[in-house]
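Some notes on the structure that comes next.
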Amino acid sequence: MATLNTALISHPRQHRLPTPTQNPISITVNNDRFFANHPILLLIDQCTGTKQLKQVHAQMLRIGLFFDPYSASKLITAFALSPSSSLGYARKVFDQIPQPNLYTWNILIRAYASSPDPDHSLLIFLQMLVQCPELPNKFTFPFVIKAAAELSASRLGRGLHGMAVKASLGSDVFILNSLIHFYAACGCLDMAYQVFVNIPRRDVVSWNSIITSFAQGNCPDEALELFRVMEAENMKPNDVTMVGILSACAKKLDLEIGKWVHSYIERNEINGSLTLNNAMLDMYTKCGSFEDAKRLFDKMPEKDIVSWTTMLAGYAKLGDYDAALRVFNAMPSQDTAAWNALISAYEQSGKPKEALAVFNELQLCQSAKPDEVTLVSTLSACAQLGAMDLGGWIHVYIKRQGIKLNCHLTTSLIDMYSKCGDLEKALEVFHSVDTRDVFVWSAMIAGLAMHGCGRDAIYLFTKMKETKVKPNAVTFTNLLCACSHTGLVEEGRDFFNQMEPVYGVLPGVKHYACMVDILGRAGRLEEAMKLIKNMPIAPGASVWGALLAACRLHGNVDLAEQACGCLLELEPWNHGAYVLLSNIYAKLGKWDKVSGIRKLMRDSGLKKEPGCSLVEVNGVVHEFLVGDNSHPLCEKIYMKLDEISARLKSVGYVPNKSHLLQLVEEEDVQEQALYLHSERLAIAFGLLTMGPSQPIRIVKNLRVCGDCHSVAKLISRLYDREIFLRDSCWNEVQQSLPIDKGILSKPTHHVAILLVETL
DNA sequence: TTAGGGTTAG
C-alpha cells in the first residue's frame with residue numbers, strides 16, 4: 001500500500017488518465033466520459049474514516065482515476081465534509097488536482113467557512129477567482145459570505161454582496177439568507193433587516209436567520225414580534241426557529257413567555273432536538289426557574305457538554321457553588337468551556353479570588369487548556385482585585401501562546417490595566433491592535449475617564465467616529481462619566497441630547513444618572529431634579545444616588561431627604577444611602593438627625609459590609625480588614641504604621657477629626673480609629689514588602705475616607721512611592737479629582753492617587 | 001454529473 005506522499009510523487013500532474021478498459025480493477029463504466037458509477041467512487045461513500053479514504057486515494061492515483069476532475073471532487077468532498085473530516089489533508093489532496101472544477105472549489109470554501117480557520121475560505125475564494133475558469137455560482141456565495149460573517153469581515157462581505165448582485169444572483173434565497181447572518185454578525189441589524197424584507201420569496205431559514213439575528217443582537221422584543229408575524233403569515237416554524245425564540249426569552253429574562261414557548265413547542269410537535277433542549281435549559285436557568293431546568297435536564301434523552309455546562313452555570317447563578325462543583329465533577333468530561341463556566345460564575349458574582357483559584361487549577365490540569373474566553377474572565381477577575389501582576393502575566397501568556405488579540409481580549413486587557421491604575425499600558429494595548437470594535441473604543445474611553453482625562457476621552461470619541469464605528473449605550477455611559485469627572489457640563493449635556501437624534505441610542509437609566517451627576521456636581525440641583533421629573537423611564541437607584549451625592553456636595557438637606565427616601569424605597573438595604581444622608585446632617589451640625597439615622601440603621605438590622613482592602617505583592621493578593629491583626633506579618637505592619645504616623649506628624653499632619661465625627665461606613669468604635677482603616681494596613685504592608693520602585697496598588701471595597709486619602713497622598717510624597725487607591729465608586733460614581741494628563745504624556749508628578757472624594 | 005443558507009453553554 002503506497003503512502004500518500006509516495007503515491008503523489010509517483011503520479012505527477014501530467015499523468016494521463018487511462019481508459020476504463022485499461023483499468024485493471026475496473027468492473028463497469030457507464031460511458032467514455034463519466035465515472036459516477038465507478039466502483040472505487042462508490043466505495044468512497046462507504047468509507048468510515050480517514051484511513052480508508054487514504055487507501056481509496058492511493059487506488060485512485062494508481063489507476064489514474066484521481067486525475068478525472070469529477071472523481072477527484074468526490075474524494076475531496078469525503079475528506080473535507082465527512083464527520084471524521086480531515087480538512088488539512090483535503091487541502092493537500094486538492095493542491096494535487098491539475099484542474100479542480102467549480103464544485104471542488106466550492107466544497108473546500110464551504111468546509112473552511114465552518115472550520116476554525118474561516119480566513120482560509122476567503123483565501124481559497126480569491127485563489128479561485130484567479131485560477132478557476134468558471135465564475136463563482138449560487139453555491140459559492142453562501143459559503144464565502146458565511147466565512148466573512150465568521151470573521152466579521154464587513155468590507156469584504158459587502159463586496160461579496162455586490163459581486164452576487166452583479167452575477168445576477170441577487171435574488172437567490174440561499175445567498176440572501178446568508179447575507180442576513182453576515183450583516184447581523186457585523187453588527188448591522190438594520191442592513192440584515194433590509195435584506196430580509198427584500199427577499200422575494202422568504203423561506204423558513206429566512207425567518208430563522210432574522211429572528212436569530214435580533215435575538216443575538218440584544219433585540220429580543222423584535223425577535224418575538226417577528227415570530228408573531230411569521231405565524232400570521234402561516235410560515236411554519238421549526239426547531240431552529242424555536243432555538244432563536246428561546247434565546248430571545250432568555251435575553252428578556254421573561255419566564256412567562258419562555259414557558260409559553262415550551263408549551264408551544266409541545267403543542268406543535270416541534271422536533272425536540274438536543275440543541276433545542278439545551279436552549280430551553282438555558283432559558284429556564286437564565287429566567288430563574290431552576291426547578292424547570294432540573295426537570296427538563298433529568299428527562300432529556302441525550303445530553304452533551306452544553307447541557308451539563310448550562311446546569312453548572314445555573315447552580316452557580318443560584319449561588320450554590322457546592323452544587324456547581326458537584327456538576328463539574330459529575331460531567332462525563334470537563335472541557336475548557338466547563339472550566340470557563342466555573343471561572344466566569346465566580347468572576348461575575350463578585351468572587352474574583354475564587355475565580356483565580358479555579359484558573360490556577362485549570363493550569364495544573366492536563367485535559368483542558370485556557371482559551372480566549374478563560375482569559376477574558378480571568379482578566380476581569382484581576383481587574384476586580386487590582387491584581388496587575390497576574391493580569392500582566394496573562395498578557396505575557398497571550399503573547400507567548402501566539403494568541404491574536406481579538407476585540408474581547410483587547411477590551412479585557414484595556415479594562416484590566418485601566419482599573420489597576422496603569423493608563424499607559426492600557427493605551428499601549430489600545431494602540432497595538434488593528435481592529436477595534438465599539439467595546440474596545442468604549443473601554444479606552446472609560447479608562448481615560450477613570451484617570452481624569454475627560455478631554456482625551458472626548459478626543460478619542462471623535463477618533464472613533466472617524467473610523468465609522470457606531471457608538472452604543474456603553475460608549476455614552478463612559479463618555480458621560482468622562483464629562484462628569486472633568487466637570488464638562490456643557491459637553492456632557494450636548495452628548496446626552498445628541499444620543500437619540502444623532503446616534504440612535506436611547507438614553508437609559510445609567511445615562512440619566514450620569515447626567516444628574518454632571519448637573520449635580522456643578523451645583524445645578526434644580527436642573528437635575530427637573531431632568532429626573534421629566535424622565536420617560538422610571539428613575540433607578542443610581543439616579544437618586546447621584547442626586548444624593550450632589551446634595552451632600554452642596555449641602556442641600558431638603559433635596560437630600562427626598563432623594564434618600566426615593567433611593568431607600570428602591571433599595572431598602574442600601575447602607576450607603578443612610579451614610580450619605582447622615583453625613584450631610586453632620587456637615588451641618590444636625591447631630592440629633594445623625595443619631596436618628598444611626599438608630600434607624602440599628603432598628604432596620606442593616607448589616608454593613610466590613611471595610612476591606614486588597615494589595616497585590618508579587619502576584620499574591622493580600623486582604624486586610626479594618627483593624628485586622630490576622631496577617632502573619634501583623635506585628636511588623638503595626639510597627640510600620642507607627643513609623644508612618646511619626647513621619648506624618650513630623651511634617652505637620654493633623655488627623656481630620658471631621659471624619660471621626662461623621663458616620664462612616666466603618667462605624668464601630670475600633671473602626672473609627674482612622675489609622676486602623678484597612679487601606680492604611682495595606683499601604684504599610686506594601687511599603688514593608690515591595691521594592692522601592694514598585695507602585696502600591698490598593699483596591700478597597702467601600703469608599704475611601706477623606707483622611708485616608710490625604711494620608712495616602714502624604715505617604716506617597718514622604719516615601720517617594722506611587723500609590724494607587726481605588727475604591728468602590730471607581731467605576732460609576734465619578735468622584736475622582738481630575739488629574740490632568742494628556743493621552744500620551746507622562747504624569748508630571750510621581751504621585752498618582754485616584755479617587756479622591758470623601759464621604 | 002455532485003451541493004447549500006439558519007441553532008444552544010462561556
Side-chain angles (χ1 to χ4, degrees), chain A residues 30-31 33-38 41 44-45 68-78 80-81 101-107 109-111 113-114 137-146 149 172-182 184-185 192 196 199 202-213 215-216 237-247 250 271 273-283 285-286 293 303-314 316 331 335-345 347-348 371-377 380 408:
Chain A
N30 285 348
N31 55 48
R33 286 183 59 219
F34 301 140
F35 295 86
N37 289 327
H38 194 289
L41 298 192
I44 289 176
D45 295 331
D68 163 47
Y70 173 81
S71 304
S73 77
K74 295 293 279 185
L75 186 70
I76 293 284
T77 306
L81 300 181
N101 59 16
L102 180 58
Y103 175 89
T104 317
W105 284 99
N106 286 346
I107 289 295
I109 290 168
R110 171 187 168 191
S114 341
N137 66 2
K138 62 176 185 170
F139 294 106
T140 320
F141 284 105
F143 306 131
V144 76
I145 290 167
K146 182 189 169 81
D172 182 280
V173 72
F174 285 82
I175 295 174
L176 292 169
N177 290 346
S178 57
L179 280 168
I180 294 176
H181 176 67
F182 158 75
F196 172 77
I199 297 178
R202 294 177 206 129
D203 63 10
V204 68
V205 179
S206 316
W207 286 94
N208 291 351
S209 302
I210 195 67
I211 286 174
T212 306
S213 296
Q216 293 184 342
N238 63 13
D239 53 331
V240 179
T241 324
M242 302 325 289
V243 169
I245 288 301
L246 285 165
S247 163
N271 169 38
S273 66
L274 174 60
T275 305
L276 181 55
N277 280 333
N278 284 343
M280 195 124 69
L281 268 188
D282 180 53
M283 180 277 291
T285 57
K286 290 216 173 104
K303 300 177 180 88
D304 66 0
I305 195 123
V306 176
S307 335
W308 284 93
T309 309
T310 307
M311 292 304 283
L312 190 167
M331 290 168 78
D335 66 353
T336 304
W339 284 93
N340 290 348
L342 207 55
I343 294 173
S344 81
E347 174 263 307
Q348 285 179 11
D371 66 4
E372 288 164 5
V373 178
T374 326
L375 299 173
V376 165
S377 295
S380 168
H408 289 286

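Here is the naming used below: chain letters follow the sequence lines, and residue numbers restart at 1 for every chain.
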Review point. Partners of Ala345(A) by side chain to side chain contact (heavy atoms under 4.5 Å, CB included), sequence neighbours excluded?
Key: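 Only Ala316(A) meet the side chain to side chain contact (heavy atoms under 4.5 Å, CB included) criterion with Ala345(A).
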
Looking at the side chain of [X], which of [options] is the nearest nucleotide?
{"X": "Tyr103(A)", "options": "dA9(B), dT2(B), dG4(B)", "answer": "dT2(B)"}
{"X": "Val243(A)", "options": "dA9(B), dA3(B), dT7(B)", "answer": "dT7(B)"}
{"X": "Val373(A)", "options": "dG10(B), dT7(B), dT1(B)", "answer": "dG10(B)"}
{"X": "Asp172(A)", "options": "dG4(B), dG10(B), dT7(B)", "answer": "dG4(B)"}
{"X": "Asn106(A)", "options": "dA9(B), dA3(B), dG10(B)", "answer": "dA3(B)"}

Give one of base, sugar-phosphate or nothing for [X], where a contact means two heavy atoms less than 4.0 Å apart.
{"X": "Val376(A)", "value": "nothing"}
{"X": "Ala313(A)", "value": "nothing"}
{"X": "Asp239(A)", "value": "nothing"}
{"X": "Thr309(A)", "value": "base"}
{"X": "Asn101(A)", "value": "base"}

Return the value, rounded to whole Å, for the distance between atom [atom1] of [X] and atom [atom2] of [N].
{"X": "His181(A)", "N": "dG4(B)", "atom1": "NE2", "atom2": "P", "answer": "17 Å"}
{"X": "Leu246(A)", "N": "dT7(B)", "atom1": "CG", "atom2": "P", "answer": "15 Å"}
{"X": "Lys138(A)", "N": "dT2(B)", "atom1": "NZ", "atom2": "P", "answer": "11 Å"}
{"X": "Asp304(A)", "N": "dG10(B)", "atom1": "CG", "atom2": "P", "answer": "14 Å"}
{"X": "Trp308(A)", "N": "dG10(B)", "atom1": "CH2", "atom2": "P", "answer": "18 Å"}
{"X": "Asn137(A)", "N": "dA3(B)", "atom1": "CG", "atom2": "C1'", "answer": "9 Å"}
{"X": "Lys303(A)", "N": "dA9(B)", "atom1": "NZ", "atom2": "C1'", "answer": "16 Å"}
{"X": "Leu81(A)", "N": "dA3(B)", "atom1": "CG", "atom2": "C1'", "answer": "9 Å"}

Exercise for review: Establish whether the base of dT2(B) is bridged to the side chain of Tyr70(A) by a donor-acceptor pair shorter than 3.5 Å.
Suggested key: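 Per atom types, no contact qualifies.
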
Check your understanding: Any N or O donor-acceptor pair linking the side chain of Thr212(A) to the base of dT7(B) at under 3.5 Å?
Key ->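 Result: no qualifying N/O pair found.
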
Review point. Would you say the side-chain atoms of Ser209(A) pair up with the backbone N or O of Val205(A), donor to acceptor, closer than 3.5 Å?
Key: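 Flag set: sc Ser209(A) to bb Val205(A) pair under 3.5 Å.
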
Exercise for review: Using a cut-off of strictly less than 4.0 Å, decide whether Lys286(A) has a side-chain nitrogen or oxygen near OP1 or OP2 of dG10(B).
Suggested key: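 For Lys286(A), the contact criterion (side-chain N or O under 4.0 Å from OP1 or OP2 of dG10(B)) is met.
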
